[in-house]
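What follows is a short report on a single structure.
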Protein chains: 2
Amino acid sequence: MSNNNLIKGSLQTIILKLLEENERMYGYEITQKVKELTAGEIKITEGALYPALHKLEAEGLLSTEIEQVDNRVRKYYSLTKSGKTETATKMSELHAFVENLQRILNPGVEPKLGI
Amino acid sequence: MSNNNLIKGSLQTIILKLLEENERMYGYEITQKVKELTAGEIKITEGALYPALHKLEAEGLLSTEIEQVDNRVRKYYSLTKSGKTETATKMSELHAFVENLQRILNPGVEPKLGI
DNA sequence: AATAAATACCCAATTTTCTTATGTATATAA
DNA sequence: TTATATACATAAGAAAATTGGGTATTTATT
């Protein structure tokens, strides 16, 4: 249930950035990390996450290794070389976008954040 | 040509907020205002703008008045009462979303902007 | 005078990205 | 024993863009 629409297109950047910080993560771990960092306010749904991971892998930005943990399969994702490059690109695009958003929505305030 | 991806979902909020500040605006004026505020970095395409305006009008958030200026038609949009309410709602949702995005992408930095 | 660019509206086909709803399976907590 | 948590996945549909048209007037450029 619910509910966190807004700014479609940021999921890829979120995945890439988390992998930049964590070396390797598996899908479920990513959902939990996002939930934790946002105090439960953003919940990445599996229906969005897994297709996004598969797409990033197909584009050569992520590589995978499957591991068995307690009889359960885990699929770990890591950034490839081009994945690292693309992370930097997407982060700076998102940064620029958020600044522009502030210029539009916060007239008269010069943005000086963040991201 | 080009290139300003990463807006999806924020266009409605942008329209509403600009109308909150300007009392009434017409479509083309909105595209120019956004271009001006972002130094040309964000260009609202007409294919995105007009359907969005029509949808907001159909939802009762905007009202229109058509005027003739130099043999050309202009369609002015204004916020309705419920449009004003919805503007506040969408702004606070976007604010929350951007803060959460910063928590995810800027680990260790407490967000304190803006928007 | 002719042409391009700016102003001003619109729509339709397609694509991207997400939601919603499933499905499978094991481990742990109530 | 039943629900919740862990862990993967897919498919149908909706939402919101992009792309590529179309119409028409006014102003600037060549």
Side-chain angles (χ1 to χ4, degrees), chain A residues 1-16 24-36 40 42-59 61-62 64-77 90 93-94 97 100-101, chain B residues 1-16 24-36 40 42-59 61-62 64-77 90 93-94 97 100-101:
Chain A
M1 243 146 273
S2 81
N3 65 330
N4 33 249
N5 57 32
L6 279 180
I7 312 229
K8 331 220 165 194
S10 56
L11 178 56
Q12 283 194 13
T13 309
I14 289 172
I15 292 170
L16 292 171
R24 69 175 209 165
M25 298 180 87
Y26 54 98
Y28 186 75
E29 189 183 7
I30 292 175
T31 67
Q32 299 308 301
K33 189 70 180 175
V34 169
K35 202 197 286 182
E36 176 203 321
I42 293 186
K43 288 171 192 153
I44 306 291
T45 63
E46 299 178 312
L49 178 68
Y50 290 114
L53 286 170
H54 299 161
K55 192 185 180 211
L56 291 171
E57 188 187 2
E59 286 169 351
L61 305 182
L62 303 184
T64 59
E65 31 187 27
I66 290 172
E67 271 178 41
Q68 199 79 15
V69 179
D70 296 326
N71 278 11
R72 264 195 308 239
V73 170
R74 272 188 198 165
K75 197 162 166 186
Y76 280 96
Y77 289 87
K90 283 209 193 306
E93 283 174 0
L94 186 52
F97 176 73
N100 281 320
L101 210 48
Chain B
M1 252 139 270
S2 78
N3 73 318
N4 35 248
N5 56 33
L6 288 173
I7 294 208
K8 331 213 171 201
S10 55
L11 179 56
Q12 283 193 14
T13 309
I14 288 172
I15 292 170
L16 293 172
R24 69 174 207 164
M25 299 180 86
Y26 55 98
Y28 186 76
E29 189 183 8
I30 293 176
T31 67
Q32 299 309 299
K33 189 69 179 174
V34 168
K35 203 197 285 184
E36 176 203 322
I42 292 186
K43 286 169 192 154
I44 306 290
T45 63
E46 298 178 315
L49 178 68
Y50 290 113
L53 286 170
H54 300 161
K55 192 185 180 209
L56 291 170
E57 187 186 4
E59 287 168 351
L61 305 182
L62 303 183
T64 59
E65 32 187 26
I66 289 172
E67 271 179 39
Q68 199 79 14
V69 180
D70 295 326
N71 278 11
R72 263 193 309 237
V73 171
R74 272 187 198 167
K75 197 162 165 186
Y76 282 96
Y77 289 88
K90 283 210 194 304
E93 283 174 0
L94 186 51
F97 178 75
N100 280 320
L101 210 48

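Within every chain, numbering begins at 1; the chains are lettered A, B, ... in the order of the sequence lines, protein sequences first and strands thereafter. When reading the values below, keep in mind they use all heavy atoms of this one structure, side chains included, and skip hydrogens, waters and symmetry mates.
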Minimum heavy-atom separation for A/T31 and A/L49, please, with both atom names. CG2-CD2, 3.6 Å
Heavy-atom pair of closest approach, residues B/A52 and B/L11: CB-CD2, 4.0 Å
Excluding sequence neighbours, so at least two apart, what forms side chain to side chain contact (heavy atoms under 4.5 Å, CB included) with A/E29? A/M25, A/Y26, A/Y76
Where is the tightest heavy-atom contact between A/S10 and B/F97, given as atom of each residue plus distance? OG-CZ, 3.7 Å
Give the rounded distance in Å between these two atoms: NZ of B/K33 and P of C/dT7. 15 Å
CD1 of A/I66 versus P of D/dC8: gap in Å, rounded? 10 Å
What is the separation between atom CZ on A/R74 and atom P on C/dT24, rounded to the nearest whole Å? 23 Å
Closest to the B/T45 side chain: C/dA8, D/dA16, D/dT19? D/dT19
Counterpart residues, side-chain hydrogen bond (donor to acceptor under 3.5 Å, both in side chains), relative to B/Y28 (two or more places apart): none
From C/dC18, D/dC8, C/dC9, nucleotide with atom closest to B/E46 side chain: C/dC9
OP1 or OP2 of C/dA6 versus the side-chain N and O atoms of B/Y28: is any pair under 4.0 Å? no
Pick base, sugar-phosphate or nothing for B/E29, based on heavy-atom distances below 4.0 Å to the nucleic acid. nothing
Gap between atoms CD and P, on B/E67 and C/dC9 respectively (whole Å): 12 Å
Establish, with yes or no, whether the OP1 or OP2 oxygen of C/dC9 is under 4.0 angstrom from a side-chain nitrogen or oxygen of B/Y26. no
Check DNA chain C against residues 47-56 of chain B and give the residues with a non-hydrogen atom under 4.0 Å, in numerical order. B/G47, B/Y50, B/H54
What is the distance from NZ of A/K75 to C1' of D/dT10, rounded to the nearest Å? 13 Å
For A/Q32, the side-chain hydrogen bond (donor to acceptor under 3.5 Å, both in side chains) test, sequence neighbours excluded, returns none
With sequence neighbours excluded, tell me which residues meet side-chain hydrogen bond (donor to acceptor under 3.5 Å, both in side chains) with B/E65. B/R24
To the nearest angstrom, the CD1-P distance between B/I30 and C/dA8 comes to 13 Å
Between D/dA15 (C1') and A/K8 (NZ): distance, integer Å: 5 Å
Side-chain donor-acceptor contact under 3.5 Å, B/E57 with B/T64: yes
In Å, rounded to the nearest 0.5 Å, how long is the span from CG of B/L53 to CD1 of B/I15? 4.5 Å
In whole angstrom, what separates B/E36's CD from C/dT7's P? 12 Å
Pull out every protein N or O sitting under 3.5 Å from an N or O of nucleotides 24-26 of chain D, one pair per line with the distance.
| from | atom 1 | to | atom 2 | distance (Å) |
| --- | --- | --- | --- | --- |
| D/dT25 | O2 | B/R72 | NH1 | 2.6 |
| D/dT26 | OP1 | B/D70 | O | 3.1 |
| D/dT26 | O4' | B/R72 | NH1 | 3.2 |

